[in-house]
Each structure stands twice: as structure tokens, then as C-alpha cells.
Amino acid sequence: MASLPSIVINGTLHRLEPDLRKLSPTSLPAEKGFSYQRSTAAPESFSEASQPLTIQEALSFIGEGSRVEPALYVPLLQQCIEYRSLSETECIHGHIIKTGLREEVFLSTSLVNVYMKCGAVDYARNLFEKIPQRNIFTWTALITGYVHNGQPENGMVVFVQLLESGVYPTYYTLGAVLSACSASYSIEFGEQVHGYIIKFGLESATSMGNSLCSLYSKCGSLELSVKAFGRIPDKNVISWTTVITACGDNGDADLGLRLFVDMISEDTVPNEFTLTSAMSLCCSAHAFDLGKQVHSLCVKYGCDSSLPVRNSIMYLYLKRGELDEARRLFDSMETVSLITWNAMIAGHAELMDMAKNDATAHKSGIEALKMFRRLHRSGLKPDLFSFSSVLRVCSGLVALEQGEQVHGQAIKSGFLADVVVSSALVNMYNKCGSIDKASKAFVEMNTRTLISWTSMISAYSQHGRAKEAIQLFEQMRLAGVRPNHVTFVGVLSACAHAGMVSEAQHYFNVMRNEYGIKPVMDHYACMVDMYVRLGCLESAFDFVKCMAFEPNEIIWSILIAGCRSHGNMELAFYASERLLELIPKATETYVLLLNMYVAAERWQDVSRVRKLMKDEKIGVVRDRSWVNIKDRVYFFRANDRSHFQSDRMYELLEDLLERAKRLGYVPYKNADVSDDEKEEKAASGSTLHHSERLAIAFGLLNMPKGAPVRVVKNITMCRDCHSSAKFFSILTGREIIVRDSKRLHNFKDGRCSCGDFASEEPPF
DNA sequence: CGCTCATAAT
């Protein structure tokens, strides 16, 4: 028995499937409703019919016998494509056999095409095999059909068969094969096809060049894509649009924008496709001024009423933070698409992340959730984009309950099978402080990408579970996934966390030698952090000296924190003043310095720094925390007494602090940098309570007994609150999770997942 | 042959 034809695509052998002997009509797609309207393209003989025709009536017009004109079938077959009607196609097929026209190759080819368009791949293939005088059109119809039905590999195998049988491909055949290569991301096969295109003298055809440009981009090679674009002698709008989009897809928005500018200066008129892409590039490159100009071009060329263009303009407004403008545009749109909703949700999610954890962030997040609900009500079904974005929103809000609801919806809708959605889910559980749920979601994923592995490794690291992080990293390597620089940040920070010096050094070398990844500041920061945590200040400084570049803010702040916790205050002050020079506008650096001088009771320096802050017009810090309980959110300021439960909260805090002191809690002194003068005065004399402590108290009072308390804080947690929260977790027997602007703190049984090293670093 | 929206970090 002759073996089935096969080729190697992306390193795996593909045989032409299915096996023809196993054909069955059971797995066919559902038909759309079918009724004949009089076709405008119908030949004369139909023109008298005024009522819709049944297929039998339509076929009876064609008649039977030897004088049947084959072209009469054409409009009927076109109707079959339009209605995706397999049964009608079979009737016509039968009629063709009866009238003895099965020898007519163009009709057989047409039938192959129609079967494919109806999704009946097996039927098409079976027919193809029975056509003895098949020509290049028949071959091309088969290839195109495979690509259309999501079986590009089969299309490529057929192409090889075609070449072996000595038939010359046409322009259309090669175009179809290029689509197949694109759809299966097969760059090697694509390059071979590229060779055939040159061989058959078609490389100067604009559309061939466009297809090649698109192919290389889809396969991830921007370089080859741009080269293919460069070789097109007569570039049209589509050529330009393809290469500009290719830049965006491959992460080089700046190049894409340069090409767009080139295109405009060459007087090529952009259309809605080009402008939509260009607008999107402006969003990702944060080139907002250019974005405004592109917007003008949209108006100039009359493209501003196109829905995709409007979506991208709206997204640009959102990215610029012009919420009212975005909203106005959104409200003015008479029709919206799913992408409109998704852009709205994603835009707000991005604003939320940019604003870190403050009240603005919260507002954006809530707005995004509202949009997600409205999307539901609008009757459209959320897709993987909607789910990814809304999960990101739940992460940002630490909205575990909403996140779990979305989890359920994602399962029901089937979109959880998507890697991006399931990665976002893992991330959501992690950011909400539920490492176990994150891990469960990770294990349940059916496919994992570099990003999924990396985010789970980092999650373990953030929760202080170094061993799991390292184990997972090794599993990832065994799974054949190549780590990148971000993965190593996760691994190294896990080692640093657990003080695993030799492991850290090992992985640092693995990164450089085995994977050829050059360490950047982030990786050095992990190493320095590790030495500092162990109290090896000298090793830390030595390591810094070995770096090929000047220490940045991150390195300085690690050193400062290390010096403080190991009592080397002179060095800490020195480093802090250097840090201040490096970035004089960072509010939290001043606060750090201020608190250090307060703790050292160096009052002259305290007033010097306060004066500096005044001179530099550094605003006071807005200390804000909030808690989600059920569907409501409760905000707290430092020393907040405006709350309806204030009395009970302060009572609880006093009691807890008193009992904590008996267990060994020693309060740290903080400089008061509250922005609420009245509150400050009211609180003078009594203990100063930062917002997170009030939020924790509120959470303890209002969450169900034993349930974890989840707090979000807009700046980094101070030492005193951090220390007291550890005692609270012992005294109440509850888990307390505080996500500040920098990291996650999971307090449990008197310990914090951050490894007690997080207090009062500047927020970098 | 070309379009807009989605996931990881000290």
C-alpha cells in the first residue's frame, strides 16, 4: 500500500489526512436556512420566475439530457456557498452526474470549492480524488479549501503533491499556499514557496510581495517582512498597511510609525485599514501627539466614521487619560462592536495599572467592571479579549469575589481554554493573595506559554515560596520552554528571598552561559538584595562595584534598606542623599529620608528635609487604603475618624496594639506626612494610624469570621504598620493580605511573605 | 494580500 503523502512542517511530520476510507457524513457543519431568491446574476432562463425557487424547480430549468449548458449551474452553486448548504450542493452534484456533465472539469472544480465553503472537507477531498482530468484550478480549489477550513498543513501537503505530479502552480495557487504557511506559522516552508514564486517569475507582482510580507510577519520575523516589503516594486496601500501592521505585531511600534510617516510623505493615500493600524501604533508607542495628527488624517480622508477607526481613536483617548472625550465618542457611536467594549475595558484597565493603587486606579477599575457588565447586557458575548482584560481589572482591584465570578463565566463560555485568559486567571489569584488558587489554576491549564510559567514562578517568589519557584523553573526547562530575562528575575528573587546564595549564583551563571542572557540591572538588584537580606553588606557593595553600569534607584534603595535594618545608619543616610540627587522629584524618597531622620531623632535634618520638600513643591503624601467587602469598597485615610465604625475600629486597634506589645511589638516612630491637617490635629497625642491599619481593622470587623482580610494601599507600607500587622495575624488567627504599590504582603501566623524586608523603600 | 481589543517582574 502506498503511504499517504507527507511533509515536515515546523519540525513535525504531517500526513495528508483524513484517510479516505474513513469518510463519514456525520461530522458535518449545520446548514444555514436555505431558500432561493431570484439571483441577479442568474441566466436568462430564470428571469421569469418571481417566487423563490425550490432546488428541484431551479434544477428543472436546467433540464436534462445532452444539451445542458454547464454555465447554468454556476448561480445555483453560488447560492449554495452563500447559504452554506451541503444538502443543496449534493442535489446539484447529483443532477450534474445525471446530465452526464461530471466530465466537465470546471464544474467538478466548482463543486470542490463549494463543498469546501460548506465546511464539508471530506466530501471535497473525496470528489477531488475521483476527478481524473483535474487541472491547476482543481488543485488550487482544494488547497484554498483546506486553508479556509483550518487545515493549512493539508493544503501544504497537497501543494507538494501538485509539484510532484508536474503541474505548474499559478499566481492564485501560490497565494493560497502562502496563506497556508501563514496560518501554520511555517517559515521554512514559506521560504521554499518564496523560492517557487521567484522561479515562476511572480516576485514582482504586488500582491505576492504583500503576501510574503504578511507571512514573514506572522511567523515572527519582522526583518524578513520588511525586506519582502522593500522588494515590492509597485507598492500599494495594502503593501504599506501590511508592513506597518507587521511592525506593530512584532513589537516595533516606532519603526511602524516611521514607515507610516514615509508613506504619507510619498503621497500614498492611506485608507481606514492603514489609519487604524497607525492609530494603534500611536497608542502602543505612547506617541500621543502623532496620534492627534493621525486623527486629523482620519477626518481628512473621511475615514472617521469607520467603526475600527473609531474604536482606535477611542482607545487613544483612553490611553491619554482623556476619559470624557473617550466617553463622548463611545456614547455617540450608534453601532458598537465587541471590540469597542473590549477597548473600553482594556483602556480603563491600563489606566488603573498606571495609577498604581490609588483612588484614581480604583475608579478606573470599577468603570471597567461596569463596562464588562454592560457588555453582557448588550447581548454580545464576551470573548477572550474581554476575559483577559476583566481578569486584569480584578487583579488590580484585588477583587477576589468578582474574579471568581469571572472564572466561572470563563469556564462556561469555553474561553478559559485560551492561554492568555488562563494566564490572566493565574495572575488574578496571585495578585489577590491566593497562591493556592493560583497554583490550582496553573495546574489546570491545558497549554502553557513562557508567560504562564514565568508568572507562576514569580507568584511563588512573591509569596516567599522559593523551593516551589525553583522546582517550577526546572519543570519549565524540562518542558522545553526557553526562559527569558523576566523568568530569571523571578528565579533570582526567589533565591534572594530564601537566602539561597549558591543557588542564586548558579542560576545567575545559567542565565549568562546556558541561555546567553545578559544580566541587566534587575538581575543585579536581586543579587544585591540577597546579600543585603543576609546582612552581608560588604558582599552587596562588592557586587555593586562589579556591575558594568552605575547603580540606579533600585540598587540604591535596596542598599539603604539593608543598611537600615543592619544598623549602619551613616551609610544609609549617605545612600539616601545620593538617591535624592538621582531623582529629586520622587515624593517617597523624601518621606523615606524624613522617617529615617525622625527615627534617629536628628531634628535639624528633619526640618531641612521638610524645607527641601516645600522648596521643591513636593506634595504631601496621600496615604490611602481600601478594602473590598462583598460588592462594596471602603476607603480610608490616615487617622481617619470619619467612618461610621470609627469608634469600634480604634477600640479594636488599641486592644490589638496593647496585646501586641506584650508579645514584643515595639512601635517605630514615623514622620507624619498626612495630607489631612484636621485629622492630624485631632489625632495628636494618640497613636498615629496609617490608612492600611484602619483598613485592616475594618476588614477584621466586617469580613466573615476566619476569612482573610485583603487591603490595597496606594504607597508602600511603613515599617510600623508592617510590624504590627504581623502581630495582628497572630492575635486574630487570621490571614491579612496587604498589596501596596510595590509588593504583596501576606501576613500569617506572625510572618510576612515578603520576608520582612519591604518597609519604606521608595516605590520603584 | 491589509484593521482596532488580551497575559509575566525586583
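The analysis underlying the following values was restricted to heavy atoms, covering all of them including side chains, and did not include hydrogens, waters or symmetry mates. Note on naming: letters A, B, ... go to the chains in the order of the sequence lines (proteins, then strands), and numbering restarts at 1 for each one.
Regarding contacts with the backbone of B:dA6, a side-chain N or O of A:Y315 is found under 4.0 angstrom from either OP1 or OP2. Within the 4.0 Å cut-off from OP1 or OP2 of B:dG2, not a single side-chain nitrogen or oxygen of A:N210 is found. Contact annotation: A:S306 side-chain N/O to B:dC3 OP1/OP2 distance is not under 4.0 Å.
Between A:R320 atom CZ and A:L316 atom CG the span is 4.5 Å, to the nearest 0.5 Å. A distance of 12.0 Å separates NE2 in A:H407 from SG in A:C394, rounded to the nearest 0.5 Å. The line from CG of A:L351 to OG of A:S364 is 5.0 Å long, rounded to the nearest 0.5 Å. To the nearest 0.5 Å, atoms CG (A:L178) and CE (A:M156) are separated by 10.0 Å.
Computed from coordinates, the A:I457 CD1 to B:dT7 P distance equals 19 Å when rounded to whole Å. Taking atom CE of residue A:M279 and atom C1' of nucleotide B:dT4, one finds them 10 Å apart after rounding to whole Å. What separates CZ of A:F415 from P of B:dC5 is a distance of 18 Å, to the nearest Å. Rounded to a whole Å, the CD atom of A:Q409 is 19 Å from the P atom of B:dA6. Atom pair A:D529:CG and B:dT10:C1' shows a separation of 7 Å (rounding to whole Å applied). Here the C1' atom of nucleotide B:dC1 and the CD1 atom of A:I197 are 12 Å apart, to the nearest Å. Atom pair A:N271:CG and B:dC3:C1' shows a separation of 9 Å (rounding to whole Å applied). For the pair A:N342 CG and B:dC3 P, the computed distance is 17 Å after rounding to whole Å.
Taking only side-chain atoms of A:S214, from C-beta outward, the nucleotide of B:dG2, B:dT7, B:dA9 with the closest atom is B:dG2. For A:H485, taking side-chain heavy atoms from C-beta onward, the closest of the listed nucleotides B:dC1, B:dG2, B:dA9 is B:dA9. Looking at the side chain of A:K431, the nearest of the listed nucleotides B:dA6, B:dA8, B:dC1 is B:dA8. Taking only side-chain atoms of A:T454, from C-beta outward, the nucleotide of B:dA8, B:dA6, B:dA9 with the closest atom is B:dA8. Between B:dA8, B:dT10, B:dG2, one nucleotide has an atom nearer to the side chain of A:R743 than all others, and that is B:dT10. When distances are taken from the side chain of A:T245 to each of B:dT4, B:dT7, B:dT10, the shortest belongs to B:dT4. Of the candidates B:dT10, B:dC1, B:dA6, the closest approach to any side-chain atom of A:R392 belongs to B:dA6. Side-chain atoms of A:S207 lie closest to B:dC1 of the nucleotides B:dA9, B:dA6, B:dC1. If you check B:dG2, B:dA9, B:dA6 against the side chain of A:L384, the one that comes closest is B:dA6. With B:dT10, B:dT4, B:dT7 as the candidates, the nucleotide lying closest to the side chain of A:I451 is B:dT7.
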- Item | Intermediate values then yes/no, salt bridge (charged side-chain N to carboxylate O under 4.0 Å, His left out), A:D262 and A:R258 | CA-CA 6 Å; A:D262 288 348; A:R258 282 201 297 278; over 6 Å; no
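When heavy atoms are screened at a 4.0 angstrom cut-off, A:S312 is found touching no nucleic acid atom at all. Nucleic acid contact for A:A525: base, since at least one base atom lies under 4.0 Å from a heavy atom of the residue. Note on A:N484: a base of the nucleic acid sits closer than 4.0 angstrom, heavy atoms only. Residue contacts shown for A:D522 include a base, since a base heavy atom lies under 4.0 Å away.
Counted by atom type alone, A:T242 and A:S214 present zero donor-acceptor pairs between their side chains at under 3.5 Å.
Side-chain N/O atoms of A:T276 and base N/O atoms of B:dT4 include no donor-acceptor pair closer than 3.5 Å. Under 3.5 Å, the side chain of A:D418 and the base of B:dA6 form no donor-acceptor pair of N or O atoms.
More than 12 heavy atoms of other residues, nucleotides or ligands sit less than 6.0 Å from atom CD of A:E474.
Per the stacking criterion (ring centres < 5.5 Å, plane angle < 30°), A:F385 stacks onto the base of B:dC5.
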